[in-house]
Amino acid sequence: MAEWWRDAVIYQIYPRSFQDSDGDGIGDLAGITRRLDHVAQLGVDAIWLSPIFTSPMKDMGYDVSDYTDIDPLFGTLADFDALVERAHQLGLKVIIDQVISHSSDKHPWFTESRADRTNSKADWYVWADPNPDGTPPNNWLAVFGGHAWEWEPRRRQYYLHNFLIQQPDLNLWNPAVQDALLDTMRFWLERGVDGFRLDTVNYYFHDAQLRNNPPNTEYDGPDVYAWQRHVNSRNQPENIAFLKRMRALTDEYDGRMMVGEVGDNGKTALDIMAEYTAGTDRLHMCYSFEMLSRNFSARHFRDTIRVLQENAPDAHACWSFSNHDVARHVTRWGDHACDPDALARLSAAMLLSFPGTVCLYQGEELGQTETELLFEELTDPPALRYWPEIKGRDGCRTPMVWDASQPHAGFSDAQPWLPVKDPQAARAVAGQQDRNDSVLATYIAILAFRKAQDPLLWGKTSFLDLPEPVLAFHRTHDGQTLTCAFNLSDHPQALQVQGATSLDGPSQARLDSDRLLLPAKGFAWLDGAVTLTC
């Protein structure tokens, strides 16, 4: 019970886009509750709700103006309580987003803080004097474009915003701010939540001296934020002490967990994941964007897991292929597949065989693809600002599709906040749930297989050094070994086998004497510590 999260599969729900229950075109808590049976039937263990708190919605809820109430768009605290009760009846844990690196500029804390330099909240946000020429105090950039500093004439100072201007950064150097944020987390723990997903967990602290960031000479793309190495605006060592305070809080309650989003990439992200999950007094687990990238190769998946294992053998990772911030993986990796359904099935098999906890994003179980949107259909601030070079995140946030025969594929009776288009509606739940050959059926089968295999839940992982396009590894637990093999290409692959006895589970392969025949985008689980060679 206490460590249910170690082998869990977590289903991410984007509340605006899951199910509308009141006819305003926006998903809500009552709609989520109505659809929880679908989630439970998949065989997952928990749901993660993207932000549902009171917010002006400048960044779709990631700009919180009240940490202890529900935004009216989504319902009420009573609706939330009903959702938690129903989820628990179905055996589902409930995880909620915590966005505490920054708040909304409409939060009462910031309203007071920006008024002058002497009020009780004057030091609750990151304020800095201008340079003698009036320019910002350093060169830090914001994730969504432009400088990370905004002028406040009432204080004659700049405030830090790592994201939108309307998302001022909280000053976690101030112990009173830490105390207030921990109190808000306690509020939800007392209300019965089972855990927290911590947004931008490596942004909590900034360099106290406000030193400039150095340039990133390895990048020359359209995202100007990536032109810097953000060594001073994030990833500060002081973060660890606050993570320990958060862990001490959650440890007061049985069976609660925290998973942190590391907003970084490459070796830095993996190093931070290792550091933030080391021992038993920090985060329970972390995830980064390493597997949310466009890199689709056996070497990339193998090296990402290996680096984390070598750097922190006691760390626990959480892996995902899609979420609300990146293009859906069936589209993102589409250049590597002739058949999107085959890619979706292969992705499910790989992800659900990896060591650690797994996150699935709503619609992923349908093989859902990215929605192509027109400029006039967009809502995401980066896309509105930098279209068409940066298309933003709306394409992965379009509504869940339930029944293609219904208006807006069963999401709402009203015009949805983002459109439901025909390619997405064609993948609706109703059209897949009675088909044994559907992507949905594959997800259900693999989730059931995973749950029945101790090596996939708790096993140690050792990789077989095979050349592209084959990824293969052993998962071993308590004397039992399962060999997992995946063909990432659109061409069949034949491997020489030593020690194979049988194929397990919903394998898409054929064992022919001493050969394993993997079809295009095929996968197999074999009983035993099988040796595979090309």
Side-chain angles (χ1 to χ4, degrees), residues 1-11 42-48 91-93 95 194-195 247 250-251 254-260 270 273-274 276-288 290-291 301-302 304-321 347-360 443-464 471-486 499 501-507 523-530:
M1 167 64 178
E3 293 193 331
W4 60 267
W5 46 271
R6 281 195 175 273
D7 61 330
V9 177
I10 302 169
Y11 185 90
L42 294 175
V44 302
D45 304 286
I47 58 170
W48 148 30
L92 297 169
K93 307 291 188 183
I95 300 164
D194 301 288
R247 178 61 177 263
T250 57
D251 282 351
D254 291 337
R256 312 302 170 92
M257 58 75 74
M258 297 182 296
V259 53
L270 296 174
M273 289 174 65
Y276 284 10
T277 58
T280 59
D281 62 350
R282 304 180 187 184
L283 300 182
H284 299 82
M285 53 188 172
C286 278
Y287 78 90
S288 73
E290 286 306 287
M291 291 192 185
F301 296 123
R302 180 172 60 243
T304 297
I305 296 172
R306 265 182 175 167
V307 167
L308 187 65
Q309 288 179 329
E310 292 168 1
N311 287 5
D314 62 337
H316 193 79
C318 181
W319 304 116
S320 58
F321 286 167
S347 300
M350 282 198 303
L351 182 59
L352 292 165
S353 297
F354 287 166
T357 302
V358 170
C359 272
L360 304 178
Y443 267 82
I444 292 172
I446 295 175
L447 280 161
F449 176 67
R450 181 181 188 274
K451 192 162 287 189
Q453 297 291 326
D454 288 353
L456 292 184
L457 297 177
W458 305 299
K460 298 288 186 181
T461 305
S462 57
F463 287 91
L464 284 70
L471 174 68
F473 48 85
H474 298 313
R475 300 291 312 278
T476 302
H477 175 75
D478 199 20
Q480 182 183 356
T481 298
L482 204 63
T483 300
C484 313
F486 310 95
T501 57
S502 62
L503 292 172
D504 283 323
S507 293
F523 47 87
W525 297 276
L526 299 98
D527 184 33
V530 176

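A quick note: this is a predicted structure, and the numbers were derived from the prediction, not measured.
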Would a distance-only check, ignoring hydrogens and angles, find a side-chain to backbone donor-acceptor pair under 3.5 Å from W458 to H477? no
Could you list the residues that satisfy salt bridge (Lys or Arg N to Asp or Glu O under 4.0 Å) with D45, not counting sequence neighbours? K451
Considering all heavy atoms of both residues, which atom of D281 and which atom of A278 are nearest to each other, and what is their separation? OD1-O, 4.0 Å
From CZ (F473) to OG1 (T461), nearest 0.5 Å: 6.5 Å
Is it the case that the ring center of F463 lies less than 6.0 angstrom away from the ring center of F301? no
Give a yes or no on whether the backbone of L464 and the side-chain of R302 come within a donor-acceptor separation of less than 3.5 Å. no
Can a donor-acceptor pair be found, under 3.5 Å and without considering hydrogens, that links the side chain of T250 to the backbone of M257? no
Quick check for you: to the nearest 0.5 Å, what is the distance between R247 atom CZ and L283 atom CG? 8.0 Å
Search all heavy atoms of A524 against all heavy atoms of S507 and return the closest pair with its distance. CA-OG, 3.5 Å
Between W4 and D194, is the side chain to side chain contact (heavy atoms under 4.5 Å, CB included) condition met? List the steps. CA-CA 10 Å; W4 60 267; D194 301 288; 4.1 Å; yes
Does any part of the side chain of Q453, heavy atoms only, come nearer than 4.5 Å to the side chain of Q480, both counted from C-beta? yes
Mind running side chain to side chain contact (heavy atoms under 4.5 Å, CB included) on W319 and L308 for me, showing each step along the way? CA-CA 12 Å; W319 304 116; L308 187 65; 3.9 Å; yes
Please table the atom pairs, donor to acceptor, closer than 3.5 Å between any side-chain atom in residues 349-358 and protein atoms at least two apart or in another chain.
residue	atom	partner	partner atom	Å
S353	OG	A349	O	2.8
S353	OG	W525	NE1	2.8
T357	OG1	W5	O	2.6
T357	OG1	H316	NE2	2.9

Given 3.5 Å as the limit, does a donor-acceptor pair link the side chain of R256 with the main chain of D254, or not? yes
Spatial distance of atom CD1 (I10) from atom CD1 (I47) [nearest 0.5 Å]: 11.0 Å
Do E310 and L270 make a side-chain contact, defined as non-hydrogen atoms from C-beta onward lying under 4.5 Å apart? no
Does some side-chain heavy atom of I446 sit less than 4.5 Å from a side-chain heavy atom of F523? yes
Heavy-atom nearest pair, C286 first then T277, reads N-CG2, 3.6 Å
Closest non-hydrogen atoms of Y443 and A348, given as atom of the first, atom of the second and distance, are CZ-CB, 3.4 Å
Check: T304 side chain, E290 main-chain N or O, donor-acceptor pair, under 3.5 Å: no
Show the numbers, then the answer: is there a side chain to side chain contact (heavy atoms under 4.5 Å, CB included) between L92 and Y11? CA-CA 10 Å; L92 297 169; Y11 185 90; over 6 Å; no
Shortest non-hydrogen pair, S320 vs C359, comes out as CB-O, 3.4 Å
Is a side-chain donor or acceptor of R475 paired with a backbone partner of P455 at a separation under 3.5 angstrom? yes
Given the rule in the side chain to side chain contact (heavy atoms under 4.5 Å, CB included) test, do L503 and L526 qualify, once you have shown the distances and angles that lead to the verdict? CA-CA 5 Å; L503 292 172; L526 299 98; 3.9 Å; yes
Output yes when a side-chain donor or acceptor of H284 lies under 3.5 Å from a complementary backbone atom of V259, and no otherwise. no
Taken to the nearest 0.5 Å, the spacing of S288 OG from Y276 OH works out to 12.5 Å
Give, for atom OG of S462 and atom CZ of R306, the distance between the pair rounded to the nearest 0.5 Å. 9.0 Å
Could you report the tightest heavy-atom contact between Y287 and C318, atom names first, then the distance? CB-O, 2.8 Å
Nearest 0.5 angstrom please: D527 CG to T501 OG1, how far? 4.0 Å
Contacts of T476 meeting side-chain contact (heavy atoms from CB on, under 4.5 Å) (sequence neighbours excluded), chain-then-number -> H474, T481
Tell me, do D454 and D478 make a side-chain contact under 4.5 Å, heavy atoms counted? no
